[in-house]
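What follows is a set of notes on a single structure, which appears directly below.
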Amino acid sequence: MAVTCFADEIAESFHADLEQSEGLLCDIVRQNRTPTPAEYVFFARCGWDEVRTRDQFRRMAIVLAKQPIAGSPADREAALLECDTAAKLLESEGPKIREKLDKLQKQLDGLERDARLSAKRCEEQRDAVSKLRELVPSHVRSKVDNQLSILNTEGVGGILREAKARHHELVCILNVGGVYDRPEKHIEYALRRNLPDAVRTIVEGNSRRYVYSDQWPALKSAAEVEFSEVNAKLPEIQAAYDAELFEIEKGLDFYSNGQQND
């Protein structure tokens, strides 16, 4: 009888260790740490060798990851109720919403089709007008070419060309936007050509080098003022040129404006 009782005590102690091992495993995995030597001894008392111990850690890691997802019985009951309510709502309201969506989709398809066809029609018209301009009689083409020549030489086109050229010179002179990455390049390729007074030549033996002259600060300030003025005038000149060009090129609409005469 005594042996049986002792065996029962051993079994009871072993089961107690196993129950305690769950809490210990949980703590170690939560803390993401390595077991202490004493803890390894305890796991050995549970009958776990090193391989079995690692398996138990992996098992507990999965348990801790799944427990928050599973939730409590109350959580699961609430989720089931919510799921049932959502399913019923979908069943009752889903068809109505789908019907509305179908109608809206048809409207959208119609709008997209109309926009696509309209854009295609406009593109075809532009292409046709362009082609008709190429087919105008020679006397019409000559008249337009003569007007364009006057526009670009004697008219606002010549003014625009000069303004653009000066604008480019000023961009180089002021090195706007870092056209030249070094002062030497700025002096050599911009100032010596466009503003020689801004450059001073230094002779050293048989070589020459160029530096900014004492006049450069004042010349730079004047160039900045002019650059601002040219920038302000360019859009106005461009607009005037575009307007005259538009009127001149109307002459090429010999076949597309409804009239076939001069």
Side-chain angles (χ1 to χ4, degrees), residues 118-119 122-257 259 262:
S118 296
C122 288
E123 183 179 357
E124 290 173 345
Q125 288 176 330
R126 286 192 297 269
D127 290 343
V129 168
S130 178
K131 186 62 178 178
L132 288 172
R133 283 187 168 190
E134 297 174 3
L135 300 173
V136 295
S138 59
H139 71 280
V140 174
R141 170 64 66 181
S142 296
K143 180 179 179 180
V144 170
D145 287 345
N146 184 57
Q147 291 174 327
L148 288 174
S149 178
I150 295 173
L151 172 66
N152 290 318
T153 54
E154 304 173 16
V156 68
I159 298 173
L160 177 63
R161 184 175 61 255
E162 292 176 1
K164 285 184 175 180
R166 185 54 180 165
H167 181 270
H168 177 71
E169 289 178 355
L170 290 169
V171 166
C172 295
I173 289 171
L174 297 171
N175 198 20
V176 177
V179 177
Y180 308 102
D181 59 357
R182 299 200 312 273
E184 295 81 5
K185 287 185 177 181
H186 179 220
I187 293 171
E188 176 67 26
Y189 300 114
L191 297 186
R192 287 189 64 205
R193 178 183 305 171
N194 300 306
L195 197 64
D197 289 343
V199 180
R200 182 164 66 93
T201 304
I202 298 177
V203 179
E204 297 175 335
N206 294 326
S207 64
R208 294 182 179 184
R209 63 187 180 91
Y210 304 98
V211 298
Y212 295 109
S213 72
D214 295 338
Q215 300 178 59
W216 167 236
L219 293 171
K220 180 182 179 182
S221 295
E224 288 173 340
V225 171
E226 184 183 359
F227 183 68
S228 178
E229 293 173 349
V230 172
N231 264 340
K233 290 180 180 178
L234 265 177
E236 180 181 344
I237 300 172
Q238 183 69 59
Y241 175 81
D242 292 341
E244 289 197 31
L245 179 64
F246 179 77
E247 290 300 321
I248 291 173
E249 289 186 338
K250 279 185 178 180
L252 296 175
D253 296 331
F254 183 77
Y255 292 119
S256 58
N257 64 2
Q259 298 177 356
D262 292 343

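Keep in mind that the numbers below use all heavy atoms, side chains included, and drop hydrogens, waters and symmetry copies.
V136 and Y255 make their closest contact through CA-CE1, 3.8 Å (heavy atoms, listed as atom of the first residue, atom of the second, distance). Residue L174 comes nearest to F227 through the heavy atom pair CD1-CB, 3.7 Å, listed as atom of the first residue, atom of the second, then distance. Taking both residues in full, the closest heavy atoms of L219 and A198 are given as CD1-N, 3.7 Å, listed atom of the first, atom of the second, then distance. The shortest non-hydrogen separation linking S256 to L132 is CB-CD1, 3.9 Å. Taking all atoms of both residues into account, the shortest heavy-atom contact from R133 to E249 is NH2-O, 3.2 Å. Closest approach of Y241 to N152, counting heavy atoms only: OH-OD1, 2.9 Å.
Other residues, nucleotides and ligands contribute only 12 or fewer heavy atoms inside 6.0 Å of the CG atom of D214. At most 12 non-hydrogen atoms from other residues, nucleotides or ligands lie less than 6.0 angstrom from CZ of R193. The neighbour count for E124 CD, taken as heavy atoms of other residues, nucleotides or ligands under 6.0 Å away, is above 12.
In this structure, CG in N231 is found 11.0 Å from CD in E226, a value given to the nearest 0.5 Å. From L234, atom CG reaches atom CG of L160 across 7.0 Å, with rounding to the nearest 0.5 Å.
Counting only heavy atoms from C-beta outward, the side chains of R208 and I202 never approach each other to under 4.5 Å. For the pair E224 and L170, the minimum side-chain heavy-atom distance is 4.5 Å or more.
Of the possible polar contacts, one joining the S142 side chain to the S138 backbone as a donor-acceptor pair under 3.5 Å is found.
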Trace of the side chain to side chain contact (heavy atoms under 4.5 Å, CB included) decision for Q147 with E247: CA-CA 10 Å; Q147 291 174 327; E247 290 300 321; over 6 Å; no

Steps toward side chain to side chain contact (heavy atoms under 4.5 Å, CB included) verdict (V211, V199): CA-CA 6 Å; V211 298; V199 180; over 6 Å; no

Steps toward side chain to side chain contact (heavy atoms under 4.5 Å, CB included) verdict (R200, W216): CA-CA 10 Å; R200 182 164 66 93; W216 167 236; over 6 Å; no

Intermediate values then yes/no, side chain to side chain contact (heavy atoms under 4.5 Å, CB included), L148 and L245: CA-CA 7 Å; L148 288 174; L245 179 64; 3.4 Å; yes

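Using the six-membered ring where Trp is involved, Y180 and Y189 have ring planes that are parallel, under 30° apart on the 30 and 60° scheme.
The residues E188 and K185 are annotated as not salt-bridged, no charged nitrogen and carboxylate oxygen being separated by less than 4.0 angstrom. Between K233 and E236 there is no salt bridge, since none of the side-chain N atoms of the basic residue sits less than 4.0 Å from a carboxylate O of the acidic one. The pair R166-E169 meets the salt-bridge criterion, since a charged nitrogen lies less than 4.0 angstrom from a carboxylate oxygen.
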